[in-house]
Amino acid sequence: MAHFDLDTFLRTQQARVESLLLERAERLASSGAPPRLVESMRYSLMAGGKRLRPVLCLAFADTVARATLVSPLSGDAACALEFIHTYSLVHDDLPAMDDDDFRRGRPTNHKVYGEAMAILAGDGLLTEAFALLAHGPEPVRGALCGELAVAAGAAGMVGGQVLDTAEDRPAQLDYLVRMHRLKTGALIRAACRMGVLAGGGDAEALVRAQMYGDAVGLAFQIADDVLDVTATREELGKPAGADAEAGRFTFPAVVGLEESRRMAKEQVAQAVEAVRPLEGEDGPLAALARYVVERKF
């Protein structure tokens, strides 16, 4: 039985995302924004990475539409997600947060442009994400803005960061799961749901996207914690073991390495089951779910 060729799919989709991002970054450069600010925003936005969130968004849009969509709507949704994700990384790296020197194998934004500019670059990316998503005639853009705002806001990614930095956070599995469902999972779930909305999917597809996104979001964070223990600096593009060194509670620290791996695989199985009615037995969404825990960085 032939299996889905994920390597080719990922290369194609990541190149598609890079092209979409570059087009929107060039628009930003001609918008009248200060060149130094645009340079700082672009430095982090175009730094590569897995592009998981926009790839998931496009994959869901294409799956429910049963075609590769070339409409600005799905492209804007995918790019808005990456704008938000990039802003969160820029702010996470600041001295007041994780105080990281390297991201994706090169100096972090504040190390190159200074703290003030890094804060403003993050603010710019956050705001431009909604400008990008709101600009267009399609009525569904309002729903897409709502999905993204909830995922990125106080009851989503920002709330999760608060739980992660709380001085009295307990070393408990329930707390860890809740924190990561907000900090990491909310935006991944939104990527899946926004893909369905952009692709014109029905209510049943939206529910299945949510189930898939919840499972993949948690599996992704568990895999990240495992990689922090098992991967090298070269594979990660940043120092390995940083979470343990900073005293953060991670899945391996709370439940052990092998139980963490078992939990991640369990979440992947749930994700694959959720999307089977949408794409059949061996499609890109199932392959992406497996990739989340099998990746090396």
Side-chain angles (χ1 to χ4, degrees), residues 17 20-54 56-57 72-73 75-100 103-104 108-136 141-165 182-195 197-198 213 217:
V17 170
L20 290 167
L21 286 172
L22 182 60
E23 179 187 333
R24 283 146 182 87
E26 287 176 351
R27 271 191 239 161
L28 194 60
S30 60
S31 68
R36 184 70 171 167
L37 173 61
V38 173
E39 181 184 324
S40 177
M41 292 166 70
R42 185 169 173 150
Y43 175 80
S44 292
L45 184 66
M46 302 307 298
K50 294 177 283 295
R51 308 301 196 193
L52 177 65
R53 293 151 191 82
L56 282 172
C57 179
L73 185 58
D76 285 347
C79 290
L81 284 156
E82 194 65 12
F83 275 40
I84 294 285
H85 177 55
T86 303
Y87 121 73
S88 76
L89 298 181
V90 172
H91 282 192
D92 273 0
D93 290 337
L94 289 167
M97 299 295 228
D98 293 350
D99 195 15
D100 283 325
R103 169 75 66 180
R104 293 171 175 165
T108 46
N109 196 297
H110 68 275
K111 287 293 179 183
V112 177
Y113 297 95
E115 284 185 49
M117 184 59 80
I119 292 170
L120 293 168
D123 292 346
L125 287 163
L126 167 62
T127 310
E128 290 297 328
F130 290 98
L132 182 63
L133 204 49
H135 185 72
R141 286 180 181 272
L144 289 169
C145 284
E147 289 279 345
L148 191 58
V150 170
M157 185 178 68
V158 172
Q161 182 70 3
V162 169
L163 295 180
D164 193 21
T165 56
L182 299 179
K183 183 180 176 182
T184 306
L187 201 57
I188 289 178
R189 179 174 63 245
C192 303
R193 287 176 56 89
M194 288 169 68
L197 289 169

Among all residues two or more places apart in sequence or in another chain, which pass the salt bridge (charged side-chain N to carboxylate O under 4.0 Å, His left out) test with D76? R24, R141

Going by the rule side chain to side chain contact (heavy atoms under 4.5 Å, CB included), which residues pair with L22 if we only count those two or more places apart in sequence or in a different chain? E26, R42, M46

List for me each residue that meets side chain to side chain contact (heavy atoms under 4.5 Å, CB included) alongside A151, sequence neighbours excluded, and say none if there are none. A186, L187, A190

Tell me, please, which residues at least two apart from E115 pass salt bridge (charged side-chain N to carboxylate O under 4.0 Å, His left out). none

side-chain contact (heavy atoms from CB on, under 4.5 Å) between F130 and I84: does it pass, once the steps are laid out? CA-CA 9 Å; F130 290 98; I84 294 285; 4.0 Å; yes

Could I get the full list of side-chain hydrogen bond (donor to acceptor under 3.5 Å, both in side chains) partners for R51, not counting sequence neighbours? E18, E82

With sequence neighbours excluded, tell me which residues meet side chain to side chain contact (heavy atoms under 4.5 Å, CB included) with L120. L37, D123

Least distance between heavy atoms, L45 atom then A25 atom: CD2-CB, 4.4 Å

Any I119 side-chain heavy atom under 4.5 Å of L94 side chain: yes

For T184, enumerate each residue passing the side-chain hydrogen bond (donor to acceptor under 3.5 Å, both in side chains) test, keeping only those at least two apart in sequence or located in another chain. Q221

Measure the shortest side-chain to side-chain distance between L89 and S44 over non-hydrogen atoms and say whether it is less than 4.5 angstrom. no

Could you measure the distance from the CG atom of L197 to the SG atom of C192? Nearest 0.5 Å is fine. 11.5 Å

My understanding is that only residues two or more places apart in sequence, or in another chain, count here; which of them pass salt bridge (charged side-chain N to carboxylate O under 4.0 Å, His left out) with D164? K183

Heavy-atom closest contact (R27 atom, L132 atom, distance): NH1-CD1, 4.0 Å

Only one of L126, L125, N109 clears side-chain contact (heavy atoms from CB on, under 4.5 Å) with T86; which? L125

Salt bridge (charged side-chain N to carboxylate O under 4.0 Å, His left out) partners of K111, counting only residues at least two apart: D101

Quick test of your reading: applying salt bridge (charged side-chain N to carboxylate O under 4.0 Å, His left out), list the pairs with at least one residue in residues 142-153, sequence neighbours left out, ordered by first then second residue. E147-R193

Any idea which heavy atoms bring A129 and L148 closest together, and the distance? CB-CD2, 4.4 Å

Looking only at heavy atoms, the pair that brings V38 and A33 closest together is CG2-CB, 3.6 Å

On a heavy-atom basis, which atom in R104 and which in G49 lie closest, and how many Å separate them? NE-CA, 3.7 Å

Taking C-beta and beyond as the side chain, do Q161 and T165 meet within less than 4.5 Å on heavy atoms? yes

How long is the straight-line distance from CG of L56 back to CD1 of I188, given to the nearest 0.5 Å? 7.0 Å

Who pairs with Y113 by ring pair (Phe, Tyr, Trp, His ring centres under 6.0 Å), at least two apart in sequence or on another chain? Y43

Over all atoms of both residues, closest heavy-atom pair of M41 and A121: CG-O, 3.7 Å

My understanding is that only residues two or more places apart in sequence, or in another chain, count here; which of them pass side chain to side chain contact (heavy atoms under 4.5 Å, CB included) with P35? none

